[in-house]
Visitor: 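Next up is a structure, given as structure tokens.
Naming convention: chains lettered A, B, ... in sequence-line order (proteins, then strands); numbering from 1 in each chain. FYI, side chains are in, hydrogens and waters are out, and symmetry mates aren't considered; it's all heavy atoms of this structure. What you see is a predicted model, and the numbers here were worked out from it, not measured in a lab.
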There are 2 protein chains.
Amino acid sequence: MKETRIILIGTGNVGLNVLKIIQINNHRSSNGGIRVVGVSDSRSYVAGQDLDILHIIESKEKAGRLSNKDFSGPEDLLGEHADVLVDCTPASRDGIRESDLYRMAFESGMNVVTANKSGLANRWHDIMESARSNSKAIRYEATVAGGVPLFSVLDYSVLPSKISRFRGIVSSTINYVIRNMAAGRTLRDVVEEAINKGIAERNPQDDLMGLDAARKSVILVNHIFGTEYMLRDIKYTGVEEKAYGINDRLITEVYSDDGRPVAVSRIVSLPENDFLKGIGMDGLGYQITTDNNGTVNVGDVYDGPYETAGAVVNDIMLLSKFLK
Amino acid sequence: MKETRIILIGTGNVGLNVLKIIQINNHRSSNGGIRVVGVSDSRSYVAGQDLDILHIIESKEKAGRLSNKDFSGPEDLLGEHADVLVDCTPASRDGIRESDLYRMAFESGMNVVTANKSGLANRWHDIMESARSNSKAIRYEATVAGGVPLFSVLDYSVLPSKISRFRGIVSSTINYVIRNMAAGRTLRDVVEEAINKGIAERNPQDDLMGLDAARKSVILVNHIFGTEYMLRDIKYTGVEEKAYGINDRLITEVYSDDGRPVAVSRIVSLPENDFLKGIGMDGLGYQITTDNNGTVNVGDVYDGPYETAGAVVNDIMLLSKFLK
């Protein structure tokens, strides 16, 4: 297999772990492998066909930046000849920055892998149209349910089936908060703790309002039903200051209501024998109902930035394996 | 996508459902699709580039045979130009018949999909060698854990990872028996009921001795660790006339013991929060521990011949999608 050259934009928790996993894998695989030809964080970048990944990781971890070269925008990197652009940047509010970035990548002959859901949640149509017109692909395993295999299962494991329903616990923060509130604690108290533990973002409003789950619903419904929904087409609710039950979870559901695809995120009390109820505090997971492959449950035990990075690298490897 | 032509050998519970799913899918997909150019059961066959699947299904269901043409062997079918040979025949004891069949298929330019585990469990080396030397592929999703996506998940969803451990409930019959015995019933009583319900085979000795699970272990360990183990390399136990606990299950495990791949099937008592314990009486499932994609749990709610047939058709579609 030919080597796959990638440009990685964003080296926060997920992006840095992407580099670490690539480093491990390149030592493991006898042929193929992934060559990193460009990396940026918000302030600095490195580019070139002969980069030293270990050195980049060390720079970032020790000095807080990748190099002394200031990053002014994706143009700093897109000059390098590459096969895949990997987006591990933080989400923008409207997805325009992401959509523009992917269009530039497609037009430069690259496929895209993203862990950032904002572009797809806000500008699905534009991104898919731009991929199509350039005969390029975009994969986004890490955008929903962290590291749990989801889009790869839909794309490779249930090919003969129509999916009639998806139900999942796809957002960690809000479920962490609900489950701790069910133990009698206040919203404010739990959120503070979650931020301190690094489970919630420093500004957790999007998560708590259910917006994070709603953005994931957009991607899910569009992938499963071929729609071009946007955030305004999704029904969602968030967490409130109230008493939750121990079986309450924020469940994201996507299904066909008499032929019309529906996406909804809401807090429901799960029955005792529900697979989703069995997912632990640190895990994520989902259930898909298919017509020809039964009802399939998939989940993980612990889901953090490393597992999410694993999903990103899986996408890169899928593209490199099947698009050549 | 080009049409994929298949020859299906064996039209028992699984094979007949393979035809039904193909029939459904061909009406659904606008392009591509699967063309059936040969079908046999143990006594009769049909062959030709313009077969009517619905008519074949009806013949089999009403008359108990596919046509009035007597089947004398795979040679009756291999003359048809086809891309994939699908083996849904009952397992032979030594796997020689299957191994010979696949070699003929590979040499005729076909890939192979099998739901029959005997060839792979008994003659893994010969089959893989023959596939390699003819540059052909074999897929076998339906041989382990029925319709639960397993080899497709290993092949497409955890690409960056080494698997360090597989634990699964991959055989229905023996677990059905153990769980009913845990409710206080005798081995003989439960087995009789299982046969009457169609859960166990009429001759359930292989299942009860743990041989069925052991054969699956061979395929698992060879797939995951690249070994060429045979049945004699597997440790396994079966069910005994004794009192089982309600958490007892036959678990099939494959792991690396200090670098040496081990495969073992045994009855163990599962802890309360074990994902495998949550799998219902009618389901199958497994847990894989990976280094870069976390610990992934996959299971289904109901697993029967239809779901197994769905796994067979998924394999056909994977071959047709990626091998052209």
Visitor: Go through the atoms of B:Glu141 and report whether side chain, backbone, both or neither lie under 4.5 Å from a heavy atom of chain A.
Guide: neither
Visitor: With a 4.5 angstrom heavy-atom cut-off, could you sort out which part of B:Lys20 is near chain A: side chain, backbone, both or neither?
Guide: neither
Visitor: Return the option, out of A:Tyr306, A:Phe151, A:Tyr302, with the maximum number of heavy-atom pairs under 4.5 Å with chain B.
Guide: A:Tyr306
Visitor: Under a 4.5 Å cut-off applied to non-hydrogen side-chain atoms, are B:Leu318 and A:Leu159 in contact?
Guide: yes
Visitor: For each of A:Gly278, A:Gly283, A:Gly299, tally heavy-atom pairs with chain B at distances under 4.5 Å, and name the one with the top tally.
Guide: A:Gly299
Visitor: Just checking, any donor-acceptor pair under 3.5 angstrom between side chains of A:Asp155 and B:Tyr156?
Guide: no
Visitor: Report yes if some heavy atom in the side chain of A:Asn297 is under 4.5 Å from a heavy atom in the side chain of B:Val301; otherwise report no.
Guide: yes
Visitor: Is there a side-chain contact between B:Asn293 and A:Glu307 in this structure, where contact means two heavy atoms from C-beta onward sitting under 4.5 Å apart?
Guide: no
Visitor: Side chain to side chain contact (heavy atoms under 4.5 Å, CB included), that's the test. Do A:Arg28 and B:Asp291 meet it? Break it down for me.
Guide: CA-CA 12 Å; A:Arg28 178 184 291 171; B:Asp291 55 355; 2.4 Å; yes
Visitor: Should the heavy atoms of other residues, nucleotides or ligands under 6.0 Å from CD1 of A:Ile246 be counted, would the total exceed 12?
Guide: no
Visitor: Do you know the tightest heavy-atom contact between B:Asn314 and A:Val158?
Guide: OD1-N, 3.4 Å
Visitor: Heavy-atom distance under 4.5 Å to chain A: side chain of B:Val298, backbone, both or neither?
Guide: both
Visitor: Could you check which of A:Ser161, A:Pro149, A:Ser157, A:Ala311 has the highest count of heavy-atom pairs closer than 4.5 Å to chain B?
Guide: A:Ser157
Visitor: Any chance you could lay out the side chain to side chain contact (heavy atoms under 4.5 Å, CB included) test for A:Asn25 and B:Asn292, step after step, and finish with the verdict?
Guide: CA-CA 10 Å; A:Asn25 270 300; B:Asn292 292 323; 3.9 Å; yes
Visitor: If you count the non-hydrogen atoms of other residues, nucleotides and ligands that lie under 6.0 Å from NZ in B:Lys277, is the total more than 12?
Guide: yes
Visitor: Could you tell me whether the side chain of A:Asp300 and the main chain of B:Val296 form a donor-acceptor pair under 3.5 Å?
Guide: no
Visitor: Out of B:Pro160, B:Ser152, B:Gly147, return the one with the most heavy atom pairs under 4.5 angstrom to chain A.
Guide: B:Pro160
